[in-house]
Amino acid sequence: MAEPDDLPKTIVRRVVKDKLSRCSEDGDISIHKDALLAFSESAKIFIHYISATANDICKESRRQIINAEDVFKALEETEFAEFIRPLRASLEEFRKKNAGKKAAASKYKESEAKKKRKLEGESSNKGEASGKGEAEDEASDKGDAEDEVSDKGDSEDEASDKGEAEDEASDKGEAEDSEINERDEGCSSDD
């Protein structure tokens, strides 16, 4: 199993074969597994060494982010100055490719935004036309709701009428009770 900081073997193999095929007249060179491991470990150590040196340069400049210039200075300090020119050329080529991709992505985003605005404009125009119908539906719904409230009010009025009738009946009952009490009192006072 590969360790977390191991370089991908396929990439190391491709880089080594590419470089050796340029240097060799033969063209087809096979690489032993142990040699591939040695190249991989050497590259890893080189990366760690340059990274540590670039980090020190960055800290001396009181920054926290290592940039390309820090790497170039690290190569110079570690006496690998011959790598600087090809590395700068590769970096420029990468930046040009990346700028082209960014420009294409920007154009794509812009065209998508235009399409979205156009669709939103069309849907809002349709929405205005259907919005009138929706407003009428809402008004109709309000009327229905008011009718329901009115119906509730009618049933409350009926309940209130029933309550009043019960109150009247209760009043009649109380009046009858008081008449009976008065008769009873009158009878007892006659005695």
Side-chain angles (χ1 to χ4, degrees), residues 1-139 141:
M1 184 170 162
E3 291 188 28
D5 60 344
D6 281 348
L7 296 174
K9 290 178 183 178
T10 55
I11 293 174
V12 172
R13 179 182 292 119
R14 188 180 319 139
V15 169
V16 170
K17 277 191 165 193
D18 181 51
K19 186 62 178 177
L20 292 177
S21 67
R22 286 189 215 165
C23 296
S24 171
E25 295 172 14
D26 223 1
D28 186 26
I29 297 175
S30 58
I31 303 165
H32 194 271
K33 189 176 180 179
D34 290 340
L36 188 62
L37 181 63
F39 279 119
S40 181
E41 287 299 313
S42 298
K44 189 168 71 171
I45 291 168
F46 180 75
I47 291 169
H48 285 223
Y49 184 51
I50 298 299
S51 298
T53 307
N55 188 44
D56 291 342
I57 293 168
C58 184
K59 284 182 179 178
E60 287 172 5
S61 300
R62 296 187 180 146
R63 289 180 286 112
Q64 293 183 352
I65 299 173
I66 298 171
N67 61 34
E69 288 302 316
D70 296 329
V71 175
F72 296 142
K73 286 179 186 175
L75 287 169
E76 196 173 308
E77 280 187 17
T78 56
E79 298 180 11
F80 290 105
E82 67 271 8
F83 293 147
I84 295 174
R85 198 169 72 228
L87 181 57
R88 282 189 192 276
S90 293
L91 182 61
E92 285 302 313
E93 185 179 328
F94 172 78
R95 286 179 176 165
K96 285 178 185 176
K97 284 182 184 177
N98 217 18
K101 288 180 184 178
K102 284 182 181 180
S106 176
K107 285 180 183 179
Y108 175 76
K109 285 181 182 179
E110 189 177 304
S111 68
E112 289 298 310
K114 284 181 182 178
K115 287 179 186 177
K116 186 176 179 182
R117 284 192 296 267
K118 185 177 179 181
L119 288 174
E120 287 174 352
E122 290 174 1
S123 66
S124 69
N125 289 341
K126 289 180 183 177
E128 288 174 6
S130 66
K132 291 178 183 176
E134 288 174 9
E136 291 171 0
D137 289 346
E138 286 177 16
D141 289 346

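These numbers come from a predicted model, not from an experiment.
Between the CD1 atom of I66 and the NZ atom of K59 there is a distance of 9.0 Å, given to the nearest 0.5 Å. Distance check: I31 CD1 to L37 CG gives 12.5 Å after rounding to the nearest 0.5 Å. One distance of note links OG1 of T53 with CZ of F80; it measures 9.5 Å at 0.5 Å rounding. One distance of note links NZ of K9 with CZ of R13; it measures 8.5 Å at 0.5 Å rounding. Rounding to the nearest 0.5 Å gives a distance of 10.5 Å between NZ of K109 and NZ of K102.
Listed by chain and number, the residues in a side-chain hydrogen bond (donor to acceptor under 3.5 Å, both in side chains) with E41 are K44 (sequence neighbours excluded). Applying the side chain to side chain contact (heavy atoms under 4.5 Å, CB included) rule to I47 yields the partners L7, S51; only residues at least two apart in sequence or on another chain are considered. Considering only residues two or more places apart in sequence or on other chains, K115 meets the salt bridge (charged side-chain N to carboxylate O under 4.0 Å, His left out) condition with E112. Judged as a side chain to side chain contact (heavy atoms under 4.5 Å, CB included), and not counting sequence neighbours, A38 has no contacts. Judged as a side chain to side chain contact (heavy atoms under 4.5 Å, CB included), and not counting sequence neighbours, the contacts of R63 are C58, S61, N67, D70. Listed by chain and residue number, E93 satisfy the salt bridge (charged side-chain N to carboxylate O under 4.0 Å, His left out) test with K97 (two or more places apart in sequence, or in another chain).
For the pair K73 and E76, the salt-bridge criterion is not met [side-chain N within less than 4.0 Å of a carboxylate O]. The pair R22-D18 meets the salt-bridge criterion, since a charged nitrogen lies less than 4.0 angstrom from a carboxylate oxygen.
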Let me see the working for R95 and L91 under side chain to side chain contact (heavy atoms under 4.5 Å, CB included), right down to the final yes or no.
CA-CA 6 Å; R95 286 179 176 165; L91 182 61; 3.6 Å; yes

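Side-chain atoms of S40 do not come within 3.5 Å of backbone N or O of L36 as any donor-acceptor pair. Looking at S90, its side chain does come within 3.5 Å of a backbone N or O of P86 through a donor-acceptor pair.
Using a 4.5 Å heavy-atom cutoff, the side chains of E77 and I57 are in contact.
Heavy-atom contacts from other residues, nucleotides or ligands closer than 6.0 Å to CD of E79 number 12 or fewer.
Residue A74 comes nearest to A54 through the heavy atom pair CB-N, 3.6 Å, listed as atom of the first residue, atom of the second, then distance.
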